[in-house]
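Here's the structure, in structure tokens; my notes come after.
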Amino acid sequence: MAVALRVERVAEQMKKEIAQILRDELKDPRLEAGLVTVTGVELSNDLHYAKVYVSIYGDEAQKSEVMEGLARATSFVRREIGQRLSLRYTPEITFKFDASIEHGDHINRLLARVKAEEQGHDGH
């Protein structure tokens with residue numbers, strides 16, 4: 001139980017720090033092209049591996065560019081995390097695309113369209 005709580009706390013702290021690093025520290029133009037949001041960090045119980053989930057606002061080409069930029073920035077981000085968090089071992093970081101926000105937005109648009117169609121039929 002204590003291990004799970006610690007993993008959760010470290011993951012939350014990593015999420016905040018990585019978001020700040022992406023926003024303020026990286027100078028890669030690919031990362032400025034699309035709006036990048038860190039949606040979550042999944043850490044292994046031994047804190048050796050971290051999957052960092054990101055949502056990217058933009059078209060498919062921009063998303064691909066941003067993911068390339070993140071892949072190139074991984075070692076820098078890991079080094080920064082190592083300096084900012086007092087951990088015995090700095091986790092290996094892997095960036096993963098998170099489509100959940102996009103999916104939610106798509107559902108909202110569909111619901112809005114259905115509602116608009118229903119209101120259009122009520123008017124007759």
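Computation of the quantities below employed the complete heavy-atom set of this structure, encompassing side-chain atoms and omitting hydrogens, waters and symmetry-equivalent molecules.
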Kindly say whether Glu80 contributes a backbone atom to a donor-acceptor pair with the side chain of Gln83 at under 3.5 angstrom?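 Such a contact is absent between Gln83 side chain and Glu80 backbone.
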Just jot down the side-chain hydrogen bond (donor to acceptor under 3.5 Å, both in side chains) partners of [X], sequence neighbours excluded, or say none.
| X | value |
| --- | --- |
| Ser44 | Asp46 |
| Thr39 | Asp98 |
| Arg113 | none |

Taking ILVMFWY side chains as joined if any heavy atoms are under 4.5 angstrom apart, and letting links pass through other members, which residues group with Tyr49?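 None; Tyr49 is a cluster of one.
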Any non-hydrogen side-chain atom of Leu111 less than 4.5 Å from a side-chain atom of Lys115?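 A side-chain contact under 4.5 Å is absent here.
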A side-chain contact here means heavy atoms from C-beta on lying under 4.5 Å apart; do Ile21 and Ile81 qualify?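 Heavy-atom side-chain distance check passes, below 4.5 Å.
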How would you list all residue pairs meeting ring pair (Phe, Tyr, Trp, His ring centres under 6.0 Å) that involve residues 8-28, not counting sequence neighbours?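 Non-adjacent pairs meeting ring pair (Phe, Tyr, Trp, His ring centres under 6.0 Å): zero.
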Tell me the ring pair (Phe, Tyr, Trp, His ring centres under 6.0 Å) pairs involving residues 66-92, sequence neighbours left out?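 Matches after skipping sequence neighbours: His48-Tyr89.
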Hydrophobic cluster membership, Leu85 vs Val3, 4.5 Å side-chain cutoff: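 Yes, because Leu85 and Val3 connect within a single hydrophobic cluster, where side-chain heavy atoms sit under 4.5 Å apart.
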Can you sort out the partners of Arg88 under side-chain contact (heavy atoms from CB on, under 4.5 Å), two or more places apart, ordered by chain and number?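 Partners of Arg88 by the side-chain contact (heavy atoms from CB on, under 4.5 Å) criterion come out as none, since no residue qualifies.
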Applying side-chain contact (heavy atoms from CB on, under 4.5 Å), name anything that partners Glu60, two or more places apart in sequence or on another chain.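 In terms of side-chain contact (heavy atoms from CB on, under 4.5 Å), with neighbours along the sequence ignored, Glu60 is linked to Lys63.
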Gap separating the [atom1] atom of [X] from the [atom2] atom of [Y], nearest 0.5 angstrom:
| X | Y | atom1 | atom2 | value |
| --- | --- | --- | --- | --- |
| Glu65 | Asp59 | CD | CG | 8.5 Å |
| Leu70 | Asp28 | CG | CG | 8.5 Å |
| Thr37 | Leu22 | OG1 | CG | 10.0 Å |

[X] versus [Y], closest heavy-atom pair with distance:
| X | Y | answer |
| --- | --- | --- |
| Tyr53 | Glu42 | OH-OE1, 3.6 Å |
| Ala11 | Leu43 | N-CD1, 3.5 Å |
| Met67 | Phe95 | CE-O, 3.7 Å |
| Val7 | Asn45 | CG2-O, 3.7 Å |

Which residues share a salt bridge (charged side-chain N to carboxylate O under 4.0 Å, His left out) with Glu8, sequence neighbours left out: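 Listed in chain order: nothing, the list is empty.
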Can you list everything that forms a salt bridge (charged side-chain N to carboxylate O under 4.0 Å, His left out) with Glu68? Sequence neighbours excluded, please.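 Once residues adjacent in sequence are excluded, the partners of Glu68 under the salt bridge (charged side-chain N to carboxylate O under 4.0 Å, His left out) criterion are Arg30.
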Determine whether more than 12 heavy atoms belonging to other residues, nucleotides or ligands lie under 6.0 Å from atom CZ of Arg23.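 Yes, enclosed.
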Atom pairs and distances, donor-acceptor, side-chain atoms in residues 13-20, under 3.5 Å, two or more places apart:
residue : atom : partner : partner atom : Å
Gln13   : NE2  : Glu17   : OE2          : 3.0
Glu17   : OE1  : Arg84   : NH1          : 2.9
Gln20   : OE1  : Arg84   : NH1          : 2.3
Gln20   : OE1  : Arg84   : NH2          : 3.0
Gln20   : NE2  : Asp24   : OD2          : 2.8

